[in-house]
Amino acid sequence: MEKFLSLLLAVAVTATCFSGTTADVVLAADGRAKAAVVLAADATESERFAAAELSAYVGKLTGAKLPVGPAADEGLVPITFRRLERGETASGVKDDGYRIDVSKDGIVIASQHPAGILFGVYHILNRFGGVEWFHAESGDDYEPIAALKVPEGTILRNPMPLRNGMPSGNGIAATPEIRRKCALWNVRNGFNLNQRNPGADPAKVTPGNDYDNRTVRELGHVDHAEAGGHVLGNLVLDTPIDPKELKAECGRVLAEESARFDKPQGEVVTRYAQWRILVRKHPEWFGLVDGQRVPCGVSLRDELGFHGKSSMPCLSNPGTRAAMLANFRRWRARYPKRTPVCYRICCDDQSRWCECDACMRLLKCKGPSDDKDKASDYWWDFINWFSGEVLKDDPDLSLGVYVYRTYQTFPKKVKPVVRDRMSIVLCPHGRCYTHTLNDPKCPINGKYRDMFRVWADAGFPINAFEYMNQTPGKCNYAFWERVWIEDLKWYMSRGVSHGAGGLVGPWCGYAADESYFRRNAAKARWQFGWLSGKFEWDPTLDFDTVRDGMLRRYYRAAAKPMTAYHKLLEKAFLGTGICMPYGGGGSLFAAAAFFAVDLV
């Protein structure tokens, strides 16, 4: 156990720790406030929101809201917020962790990240007030108490780094109210929102974000921006074109190829027109497939039926690289100076690469095959160049590089260059989710376990992108929380962080025409999110204790039969021994149903 804990501490995951005396500082008792939240004159929106949340919830718990103002009245314990310098180490706080110093003279909640102050507030409410937020639409779960007390001493908590939020509010049926509920649920359970820097209009949603600007600001995500994804083709297509030339080309596209489009307008028409202009001027920028230069970009492949007839750009060509770098720098210039930006770069989510002679020197083979090492050397030849260019002289930029599909394996010819502010987003397509990565009995997961180890040993910070919502069968209702938490602990012991990714999915589904099953995936998996919030901050917790406590609180009077039912189905699900990978069959559910009958 001590060895395991040392590994967790080595990756900067710090569980709650108390130091000092055990006397209590009372925030409210007997219907009267005993403390006040003191806001500085320059308090940020998120600090003001944190003060309002603390005051309101103490009122719900005890019947006495805490006063909020520039000073505490005599006799009231002052609660203040302290902004730490980013990167300072004296406090012990890392990233979006927090420190709470409690004494009879006052309570100070400190963090380097604006959201860290809120995380500290919600920890006080959860740990000492018993407030829980189980999922985005479950509301507050608490029992009134006579007094809210916090023990004197220091609470220092650092979560696993590189974390993502869980269910987003961007589903097709998401209303502004649902979006806000999802955002609040994330932060109340200790997750980051990973949003782009919000715009000025509080009611609008900044393009690329899930939540309106007011929500993003209030929840402390104003000094960090997330962007990127499957952007490889767009980094070429974003090359500036004269507006008159582009408008004329759009007209020609609709006149000559209108049958390609469901709607005779929109981004896909513009993208196709951009490609037609650029491929005439710079054919060497685009992938060569079967002797022809073909389109790139996710939207052209998906929406215009170019599956098998498109590819990634020609990444070996110096002109392509120069255009991509120039377009990236134009994008980067949109953000204010000193704003931390994380840019995630991935292929166009397909298996075709340029097949010109220069590209084939580092590609394993031609064609649409999905071999996991097909493009590893080729990808890292590009990324070594790209990361060196974009990270130099830009201390506020970080880069998340996807290890994905045809370049999952560690390259053999090209050595990846580890740079500061650079991490790997590792996508374990095909792994089994009924067995832990570390389960020696699983015939599938061994190679994925080794894949994580190889990349971690290379010195990269690793972020895992999960695919539970892509597994077969009625996987919404699979009882695999135990496996997931064991994987989470294993990740931490290897210095790997998880990115929620496909773990839960959007709260309101992906598309309007989806089935009930797909639309309700995140709602059926709320336990994953809630449990992840607990173990990301304290991996030493006992799974059965935490899970059973969750079921007891959530189901109340029905807790006993529902807990027994939950455990029965978990045993049936895990007891089949059948693997359940992304892209596999759904036979496990039939086997689990028969096994459950036998168990009963």
Side-chain angles (χ1 to χ4, degrees), residues 12 42 44-47 82-91 93-98 110-119 158-165 187 191-200 206-211 213 216-229 231-232 234-235 238 321-322 324-346 382-402 416-425 459-463 497 499:
D42 64 344
T44 63
E45 245 180 290
S46 60
E47 289 168 350
R82 179 184 167 208
R83 298 169 218 157
L84 300 174
E85 289 294 323
R86 190 178 295 274
E88 67 84 39
T89 58
S91 67
V93 176
K94 299 175 182 179
D95 303 315
D96 55 350
Y98 56 85
S111 181
Q112 299 178 23
H113 192 293
I117 302 294
L118 277 159
F119 294 154
N158 290 312
M160 63 190 302
L162 301 174
R163 302 167 305 125
N164 284 322
V187 176
F191 295 110
N192 270 318
L193 297 182
N194 293 332
Q195 300 290 283
R196 303 184 185 189
N197 226 33
T206 296
N209 281 357
D210 297 320
Y211 313 110
N213 295 326
V216 175
R217 289 184 190 282
E218 285 183 338
L219 298 186
H221 290 76
V222 296
D223 70 340
H224 179 85
E226 293 274 344
V231 294
L232 212 58
N234 288 349
L235 279 175
D238 285 340
R321 292 188 175 192
M324 295 173 82
L325 182 60
N327 292 333
F328 174 84
R329 286 177 171 159
R330 270 187 288 273
W331 168 85
R332 179 70 179 96
R334 300 173 190 170
Y335 291 91
K337 290 183 177 181
R338 307 306 302 166
T339 298
V341 176
C342 178
Y343 189 78
R344 301 183 183 275
I345 184 165
C346 188
F382 170 74
I383 289 298
N384 284 347
W385 165 81
F386 184 77
S387 62
E389 291 294 325
V390 301
L391 291 174
K392 69 181 181 183
D393 305 323
D394 192 349
D396 299 310
L397 177 70
S398 60
L399 197 64
V401 180
Y402 278 72
V417 177
V418 181
R419 304 186 194 278
D420 289 340
R421 295 171 283 110
M422 183 173 166
S423 62
I424 295 296
V425 183
F460 285 102
I462 308 295
N463 188 284
S497 295

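Each residue takes its place number in the sequence, starting with 1.
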So, do [X] and [Y] sit near enough that their side-chain heavy atoms are less than 4.5 Å apart?
| X | Y | result |
| --- | --- | --- |
| Arg321 | Phe382 | yes |
| Phe119 | Asn192 | yes |
| Arg330 | Asp238 | no |
| Asn213 | Thr206 | yes |
| Leu399 | Arg419 | no |
| Asp396 | Arg332 | yes |
| Val231 | Ile345 | yes |
| Leu235 | Trp331 | no |

Residue pair Asn158, Asp95: steps toward the side-chain contact (heavy atoms from CB on, under 4.5 Å) verdict: CA-CA 8 Å; Asn158 290 312; Asp95 303 315; over 6 Å; no
Does [X] use its side chain to pair, donor to acceptor, with the backbone of [Y] at less than 3.5 Å?
| X | Y | answer |
| --- | --- | --- |
| Ser111 | Gly97 | yes |
| Arg421 | Leu397 | yes |
| Asn384 | Val417 | yes |

Indicate the atoms forming the closest heavy-atom contact of [X] with [Y], along with that distance.
| X | Y | answer |
| --- | --- | --- |
| Leu219 | Ser46 | C-CB, 4.4 Å |
| Lys392 | Arg329 | CE-NH2, 4.3 Å |
| Met422 | Ser387 | SD-CB, 3.8 Å |

Take atom CG in Asp42; do more than 12 heavy atoms of anything else shown fall under 6.0 Å from it? yes
What class does the angle between the rings of Phe386 and Tyr343 fall in, given that below 30° is parallel, 30 to 60° is tilted and above 60° is perpendicular?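 It falls in the tilted class, 30° to 60°.
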Let's go through Met324 and Leu232 carefully: what are the C-alpha distance in whole Å and the side-chain angles of both, what is the deciding distance for side-chain contact (heavy atoms from CB on, under 4.5 Å) to 0.1 Å, and is it a yes or a no? CA-CA 8 Å; Met324 295 173 82; Leu232 212 58; 3.8 Å; yes
Kindly compute the distance separating NE2 (His113) from CZ (Arg86), expressed to the nearest 0.5 Å. 6.5 Å
